[in-house]
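Throughout, protein chains are lettered first and strands after them, A, B, ... in sequence-line order, and every chain is numbered starting at 1. Just the heavy atoms: all of them, side chains too, but no hydrogens, waters or symmetry mates, feed the values below. Everything numeric here is computed off the predicted structure, so don't read it as measured data.
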There are 2 protein chains.
Amino acid sequence: MVKYLKIYETIKQRILEMEYRLNEKLPDGASLGKEFDCSELTIKKALDILVADGLVVRKRGSGSFVKRPLNTTTSHLHGTKANAIKHGKEVTSNNLKFEIVPADERIAERLNCNRGDLIYHIIRVRIIDSLPTVIEDTYMPVNILNGLTIEHTQDSIYSFITNQLKLKIHSSTMEISIVKANEIESENLNVPLNDKLVAVEQIVYLDNGDIFEYSISKHTTDTYHFSTNFVRL
Amino acid sequence: MVKYLKIYETIKQRILEMEYRLNEKLPDGASLGKEFDCSELTIKKALDILVADGLVVRKRGSGSFVKRPLNTTTSHLHGTKANAIKHGKEVTSNNLKFEIVPADERIAERLNCNRGDLIYHIIRVRIIDSLPTVIEDTYMPVNILNGLTIEHTQDSIYSFITNQLKLKIHSSTMEISIVKANEIESENLNVPLNDKLVAVEQIVYLDNGDIFEYSISKHTTDTYHFSTNFVRL
DNA sequence: CAGTGGTCTAGACCACCCA
DNA sequence: GGGTGGTCTAGACCACTGT
C-alpha cells in the first residue's frame with residue numbers, strides 16, 4: 001500500500017480509538033513527518049483525506065484538530081451489501097432480471113461505450129433485515145465485468161469486482177430525486193402505487209477511468225438515509 | 001488568487017467552451033506545466049479539482065480526458081438563492097422567525113460552542129418561482145455573524161458572509177432523509193399534513209475551522225434534486 | 001515573534017498503458 | 001519502450017494565529 005494511505009489509516013485509528021480525542025490538537029506536520037519518517041507533504045496528503053472524511057479540521061496558524069462528524073458514513077462507493085453489513089444488517093437479493101443485451105443510445109451514452117456493445121442488465125430487489133428496501137436497475141459492460149454470473153448477483157457484485165477481478169473503484173457521480181412508485185416497484189417494495197420513493201441515479205468509475213456501472217436505485221423513504229461530507233478544493 | 005486555482009479556472013473554461021471536447025485528451029502534465037510556467041505538481045493539483053468536479057478523468061499511462069458529468073451541479077456549499085439564480089429562478093423569503101437565543105445543549109454540540117453562547121435562530125420559507133419550496137431552520141453563532149440583520153435574511157445570508165464579512169466557506173457535512181410534514185410545514189409549504197418531505201441536515205465550516213451554520217431544511221419532494229460527485233482519495 | 005499550515009519548485013523513481 | 005500519471009523528497013517562501 002501507498003505510504004500516505006498507511007499514515008491515514010494509522011491516524012484514523014488513533015482518532016477512532018480516542019487516542020486523539022475530540023477537539024484535541026494533533027501533532028504538527030513536522031513532528032508527524034518525523035514519526036512516520038516521511039516529508040511533511042506526505043503527512044498533509046494523509047490528513048487531507050481525514051479532512052475529506054470529516055474527521056479533522058486544519059487551521060492555518062494554529063494546528064489540526066479532531067472534529068466530530070455528523071454521520072456514520074454510508075458510502076455510495078461501496079455496494080448496498082457492504083453498507084448494510086457495516087450497520088450489522090442482513091441482505092438478501094431477489095433477481096427480477098439477469099440479461100445480456102446490446103446497449104441502446106441512452107445506455108451507451110451513460111456508459112461511454114458504443115451502441116450495440118454487450119451489457120449486463122440486472123434488476124434486483126434488495127431485502128434488508130427481511131424488508132424489501134431497494135429496487136436496483138443496473139447496467140454494466142460485459143467486457144469489463146467478464147465472468148459475472150447470476151450467483152454473484154445474489155451476493156455482492158462489488159465484492160466480485162474488487163476481490164475477484166482486482167479492479168479498483170475510483171469515483172462516482174450521483175443524483176438524488178423523489179419519484180412515484182410504478183406498479184412493479186409498488187409490488188416488489190410493498191408500498192402503495194404512486195407512493196414516493198427516493199431515486200438514486202449513479203455512474204461509477206474505475207481507477208483506470210472506465211465506467212463499470214450505470215444504475216438507478218429506488219429506495220423506500222422510511223429506510224433511506226444518506227450522509228456525506230463536502231470539501232471545497 | 002492562488003496559481004493552481006487560476007490554472008483550474010482556465011482549463012475549466014476551455015472545457016466548458018468546448019476548446020477541449022468530450023473524450024478529448026488534454027495535453028500531458030509537462031506540456032501544461034510549460035504553458036502555465038509551473039511545476040507538474042501544480043498542474044496535477046488543478047486537474048485534481050476538475051476530477052472532483054467530475055469534468056475530467058485521469059488515466060495513468062494514457063492521459064487526462066474530458067468527461068461528461070451527469071449533473072448541473074447544485075452545490076450545498078452555496079446558499080439556496082445562489083443555486084436558484086444559477087438555474088435562472090426567482091427566490092423570495094418569508095421569515096417566520098428571527099431571534100437571538102442562548103445555545104442549548106444540542107445546538108452547542110452541533111455548533112461546537114458553549115451552552116449559553118448567543119445564537120441567531122432563523123426560520124425562513126423560501127419561495128422559488130412563486131412556489132413555497134423549502135422551509136429552513138438555521139442556527140448561527142452571533143460572534144461570527146456579527147451584524148447580521150433581518151434584511152440580510154430576506155436576501156442571501158451567504159452573500160453577506162462572503163461579500164461583507166469576507167469569510168470563506170470551506171466544507172460541510174450533510175445528511176439527507178425523508179420525514180413527514182408537521183402542521184407548520186404543511187401550512188407553509190402548502191402540502192398535506194404528513195406528506196413526505198426531504199430533510200437536509202447540515203453543518204457548515206469556514207476556512208479557519210469555525211462552524212458558522214447548523215441547519216435543517218425541509219424540501220418539497222417535487223422540487224428537490226441533488227447531485228454530487230465522489231472521489232475516493 | 002514563534003508556531004503552524006498552504007503553496008510551489010525541481011527532480012527522482014515507480015506503475016501503468018499502448019503500439 | 002516511450003508516454004503518461006502517481007508518489008515522494010527536501011527545501012523555500014508565504015499567510016495566518018495566538019501570545
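- Contacts of Asp207(B) with the nucleic acid, taken as non-hydrogen atoms under 4.0 Å apart, are absent.
- Applying side-chain contact (heavy atoms from CB on, under 4.5 Å) to Val56(A) and the options Val51(A), Asp48(A), Ile11(A) leaves one that passes, Val51(A).
- The CG-C1' distance, from Leu206(A) to dA15(C), rounds to 17 Å in whole Å.
- The shortest distance between the side-chain N/O atoms of Tyr4(A) and the OP1/OP2 oxygens of dC8(D) is not below 4.0 Å.
- The two residues Pro102(B) and Gly116(B) make their nearest non-hydrogen contact at CB-O, 3.7 Å.
- No more than 12 heavy atoms of other residues, nucleotides or ligands sit less than 6.0 Å from atom CZ of Arg115(B).
- Rounded to whole Å, the distance from CD1 on Ile7(B) to P on dT7(C) is 13 Å.
- Where Asp48(B) and Gly61(A) each meet DNA chain D at their nearest nucleotide, the meeting point lying more 5' is that of Asp48(B).
- Here dT7(D) presents its C1' atom at 13 Å from CD of Glu40(B), a figure rounded to the nearest Å.
- In this structure, Asp37(A) places its CG atom 8 Å from P of dT9(D), rounding to the nearest Å.
- Across dC16(C), dC17(C), dT7(C), the shortest atom-to-atom separation from the side chain of Arg60(B) is found for dC16(C).
- Residue contacts for Leu41(B): at a heavy-atom cut-off of 4.0 Å it reaches a base atom on one of the strands shown.
- Residue order along DNA chain D, read from the 5' end via each residue's closest nucleotide, puts Ser39(A) first among Asn208(B) and Ser39(A).
- The CZ atom of Arg58(B) sits 13 Å away from the C1' atom of dG3(D) (whole-angstrom rounding).
- A close approach under 4.0 Å does occur between a side-chain nitrogen or oxygen of Lys3(B) and OP1 or OP2 of dT9(C).
- Applying the 4.0 Å criterion to OP1 and OP2 of dG6(C), one finds that Lys44(A) has a side-chain N or O inside that range.
- Geometrically, Lys3(A) does not engage Phe36(A) in a cation-pi contact defined by less than 6.0 Å to the ring centre and at most 45° from the axis.
- Lys25(A) has no side-chain polar atom (N or O) that falls below the 4.0 Å cut-off from OP1 or OP2 of dG3(C).
- Listed pair Ser62(B) / dC16(C) fails the phosphate criterion, with no side-chain N or O lying under 4.0 Å from OP1 or OP2.
- Side-chain polar atoms of Asn229(A) and Thr173(B) form no donor-acceptor pair below 3.5 angstrom.
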